Amino acid sequence: MAETDQKDINVIRFTDNACKSIQVDKLLDLYLDLGTLLAIDTNDLNNKELQSRKDQYLKSLARDNTQILLNSIWELPTEKVENNIVAKLPKSKFILPREKPAPKPKPLTKWQTFAKEKGIKTTKKSRVTWDEVLNKWVPRYGYKKTKAEKEKDWIIEVPGNVDPYTDMFEKKSTIKQEKVAKNEFQRLRNIAKAKKTKVPSMGLPPTPKMTARQLNTAAQVANISTASLGKFQPKLKKEKTLSKSSVLNLKKRKLPAPTKDEEYNRNLKLADSLINKKPKLNLEKAVNREIFDQETSISERKKGGGNKQRKRRNNQNSKAGREFKKTTGKKRR
Amino acid sequence: MLRVKKPTTHKGKKFILDREPKLIENKKESLFLHGRKGSEIINNCLKDLYHFKKPDAIKLGEKNDFLPFESSSEIERLCKKHDTSLVFFGSHNKKRPNNLILCRMYDHSILDMVELGIKNYRGISEFKTEKITTGLKPCLIFSGPLFEQDSDLKRIQNMLVDFFQREDATNIRLQGLEHVIMFTATQDELLMRSYRILLKKSGCKIPRIELEELGPSIDFVIRRKKLASEELFKLACKVPKELKAKKVKNVTKDVFGSKLGRVHVGKQNIHRLQTRKMKGLRKSASERRKLRANKEKRKRDGK
């Protein structure tokens with residue numbers, strides 16, 4: 001303080017100006033940004049004084065710089081607001097980084113793109129409409145709309161082409177629910193399109209993050225899906241044991257071991273069937289063929305046909321005979 | 001707002017919308033954090049700085065066991081959670097005693113980070129003066145040629161302005177200019193001083209300024225720094241197209257201050273100029289029909 005006062009006295013001695021005490025001389029002009037109330041002084045510091053009388057020197061430096069800053073602030077256009085003199089600050093020039101990047105334009109929805117393409121312009125509708133039945137203004141949507149609707153539709157006529165016992169109120173609510181669901185689906189579809197995620201046209205997408213329970217069942221299914229039904233699979237440390245009611249827990253049914261007699265009889269039966277193997281006879285087929293042969297031979301005789309025909313028929317007969325052989329081969333042998 | 005889950009309440013919706021990127025941004029909020037261990041000096045320093053930033057600052061009480069210079073994820077998470085973009089992180093250990101880390105964010109990731117060691121510290125409580133009112137916009141002064149010469153210090157200066165400038169103001173009450181913060185860059189130190197402004201009579205309109213030290217007065221040493229690359233910084237500083245002032249074309253002001261406008265007149269169509277009417281120049285019926293057909297055709301094409 002004392003230092004600054006001395007300096008001012010010096011100034012007084014040489015200048016007779018009335019505003020001497022607010023003048024500060026600097027070698028280089030300060031960079032001033034009045035928008036941020038910022039002053040940058042790039043003049044050299046007095047290192048000697050900075051070391052010897054640090055705080056006092058800094059204070060005098062701050063005083064001078066503040067004086068310069070406030071001198072220019074006082075020159076700004078002012079106005080009076082509630083008995084206070086207020087200076088209008090210009091826009092700040094000092095460039096500071098933003099906090100977040102600038103917002104990107106919202107991606108258009110499917111309807112919006114269509115409307116844009118077709119040049120459809122939506123006209124703004126009023127929020128309330130005059131209701132003839134209720135004789136009052138009723139909102140189109142939102143707050144107090146359902147209340148008005150209930151008031152209006154306390155009774156609904158069942159149309160002639162509908163079963164007279166249908167609940168029209170229920171029908172109305174399901175229609176409304178479906179509309180809401182459809183709108184929600186479309187909203188999600190628009191989001192998926194904007195985020196460029198692939199969504200199947202039908203059904204549900206696979207859950208990206210399965211729950212612990214889902215993962216556990218998946219692991220258990222994988223565990224059991226071996227030829228030996230997971231008998232030799234190593235167990236994991238944290239693996240949960242299957243619940244008793246689980247389908248995966250069902251073991252293959254095992255019959256009790258046969259007694260000696262039972263086994264003997266069973267084997268004997270098997271040996272018997274092998275030794276006494278009889279050719280199978282397809283009775284129906286054999287009979288049919290026999291009838292056919294008879295009929296053809298009769299008709300042949302009646303015609304007294306030529307060589308050619310006989311040849312062909314013989315061929316046919318041989319073919320049929322072969323098939324017959326196949327089925328009754330054992331017998332002939 | 002591209003969210004799969006819709007906010008259920010209006011209040012929730014407002015909250016989410018407030019955090020979304022905007023053309024004209026909210027004022028930057030600051031977050032005050034303590035490291036694993038603290039000292040009296042660093043705790044007091046954080047308290048004093050918190051007092052300067054108060055209405056738009058959040059001070060978290062618990063200790064945080066992470067080092068911002070080693071792992072940035074934790075600090076980014078906290079900033080995202082509280083929607084803050086300026087961080088004051090105070091820590092104290094043997095290697096770096098009384099450590100103050102200043103960190104600012106862009107798009108929820110670290111932009112600039114600088115570590116300041118406190119060499120000398122005198123807190124607000126040590127100065128027996130009135131405290132300044134909270135929420136006051138301070139005047140900022142930077143002195144020392146190093147702020148201009150050293151590119152790193154220039155960035156740190158930018159950071160300090162960002163940290164202490166508070167929100168943009170269009171009007172300011174002249175008697176309300178109370179507080180000055182001065183940063184001085186010497187060869188090896190960064191000195192922070194804060195003063196109260198006393199307006200004294202000077203005999204003319206502009207008052208004479210006297211200062212009274214208010215505290216805190218801190219001598220910092222710059223330790224580590226992690227400053228954004230020039231490209232990233234430029235990207236962060238980019239002013240959106242919508243906010244840029246549109247260039248006014250064809251309007252100038254002359255020496256006397258009167259406004260001059262230049263009007264461009266398009267090329268005149270001389271062919272349709274009405275000249276003297278004469279029977280000989282009249283169009284025949286067939287010509288007129290042809291003209292009308294042409295006109296209609298043009299109209300259709302135009303539509």
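In what follows, every chain begins at residue 1, and chains take the letters A, B, ... in the order their sequences are listed. Keep in mind that the numbers below use all heavy atoms, side chains included, and drop hydrogens, waters and symmetry copies. Here the structure is a predicted model, which means the values were calculated and not measured.
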Exercise: identify the closest heavy-atom pair between B:Asp83 and A:Lys100: OD1-NZ, 2.9 Å

task: Select one option (side chain, backbone, both, neither) describing which atoms of A:Thr66 are under 4.5 Å from chain B's heavy atoms.
output: both

Chain B contact via A:Lys195 - side chain, backbone, both or neither, heavy atoms under 4.5 Å: side chain

- request: Counting only heavy atoms closer than 4.5 Å, note whether A:Tyr31 contacts chain B via side chain, backbone, both or neither.
  value: neither

Members of residues 225-234 of chain B whose heavy atoms come closer than 4.5 Å to chain A: B:Phe233

field: Side-chain donor/acceptor of A:Gln67 to backbone N/O of B:Pro207, under 3.5 Å
entry: yes

query: Side-chain contact, heavy-atom cut-off 4.5 Å: B:Arg193 with A:Leu61?
result: no

query: Counting heavy-atom pairs under 4.5 Å to chain A, which of B:Leu235, B:Leu243, B:Asp219 comes out on top?
result: B:Asp219

- request: Look at the side chain of A:Glu99 and the backbone N and O of B:Lys28, then say whether any donor-acceptor pair between them is shorter than 3.5 Å.
  value: no

task: Over all heavy atoms of both residues, which pair between A:Arg63 and B:Glu210 is shortest? Give the atoms and the distance, please.
output: CD-OE1, 4.2 Å

statement: In short, A:Leu58 meets B:Met182 closest at the heavy-atom pair O-CE, 3.2 Å

- request: Heavy atoms only: give me the nearest B:Pro21-A:Pro101 pair and the separation to one decimal.
  value: CB-O, 3.2 Å

query: Between A:Asn84 (side chain) and B:Gln175 (backbone), is there a donor-acceptor pair under 3.5 Å?
result: no

- line: Whatever's closer than 4.5 Å to a heavy atom in chain B on A:Leu45 counts as both

message: I'd like to know whether B:Val161 forms a side-chain contact (heavy atoms from CB on, under 4.5 Å) with A:Leu38, so could you lay out the CA-CA distance, the side-chain angles of the two residues, the decisive distance to 0.1 Å, and finally the verdict.
response: CA-CA 8 Å; B:Val161 172; A:Leu38 171 75; 3.8 Å; yes

- prompt: Pick from A:Leu30, A:Asn47, A:Asp55, A:Val81: which one has the most heavy-atom pairs with chain B under 4.5 Å?
  reply: A:Asp55

field: Proximal component of A:Leu32, with respect to chain B [non-hydrogen, under 4.5 Å]
entry: neither

- prompt: With chain A, which of B:Glu242, B:Gln165, B:Arg173, B:Glu25 has the greatest number of heavy-atom pairs at distances under 4.5 Å?
  reply: B:Glu25

query: In terms of heavy-atom pairs under 4.5 Å with chain A, which of B:Leu86, B:Leu191, B:Asp168, B:Leu146 leads?
result: B:Leu191

message: Looking only at heavy atoms and a cut-off of under 4.5 Å, which of B:Ser217, B:Pro240, B:Ala185 has the most pairs with chain A?
response: B:Pro240

query: OG1 of B:Thr186 to CD of A:Gln51: how many Å apart, nearest 0.5 Å?
result: 9.0 Å

field: Pairs touching residues 172-181 of chain A that satisfy salt bridge (charged side-chain N to carboxylate O under 4.0 Å, His left out), sequence neighbours left out
entry: A:Asp153-A:Lys172

query: Which one of A:Asp41, A:Ile95, A:Asp33 has the most heavy-atom pairs closer than 4.5 Å to chain B?
result: A:Asp41

Donor-acceptor pair, side chain of A:Arg187 and main chain of B:Val4, under 3.5 angstrom: yes

field: Worked verdict on B:Ile172 versus A:Val86 for side-chain contact (heavy atoms from CB on, under 4.5 Å)
entry: CA-CA 5 Å; B:Ile172 198 151; A:Val86 165; 6.0 Å; no

task: Using a strict 4.0 Å threshold on nitrogen-to-oxygen distance, state whether B:Asp107 and A:Arg98 make a salt bridge.
output: no

query: Under a 4.5 Å heavy-atom cut-off, does chain B meet the side chain of A:Leu69, its backbone, both or neither?
result: side chain

statement: All heavy atoms of B:Lys205 vs all of A:Trp74, minimum pair found to be NZ-O, 3.7 Å

message: Could you tell me if the side chain of A:Leu37 sits less than 4.5 Å from the side chain of B:Pro138, heavy atoms only?
response: no

- prompt: Which distance, rounded to the nearest 0.5 Å, do you find between the CD of B:Gln187 and the CG of A:Leu50?
  reply: 10.5 Å

message: Rounded to the nearest 0.5 Å, what separates atom CD1 in B:Ile209 from atom CG in A:Leu70?
response: 4.0 Å

query: Looking only at heavy atoms, which two atoms of A:Asn65 and B:Ser143 are closest? And how far apart?
result: ND2-CB, 4.0 Å

- request: Under 4.5 Å, counting heavy-atom pairs only, tell me which of B:Lys241, B:Lys6, B:Glu213, B:Glu148 racks up the most with chain A.
  value: B:Lys6

A:Ala194 portion near chain B, given a 4.5 angstrom heavy-atom threshold: side chain

- prompt: Of the listed residues (B:Thr184, B:Asp162, B:Leu199), which shares the most heavy-atom pairs with chain A below a 4.5 Å separation?
  reply: B:Asp162

message: I'd like to check A:Asn43 versus B:Pro145 (side-chain heavy atoms, cut-off strictly below 4.5 Å). Are they in contact?
response: no

Residue among A:Glu75, A:Glu184, A:Lys54, A:Glu79 with most heavy-atom pairs under 4.5 Å to chain B: A:Lys54

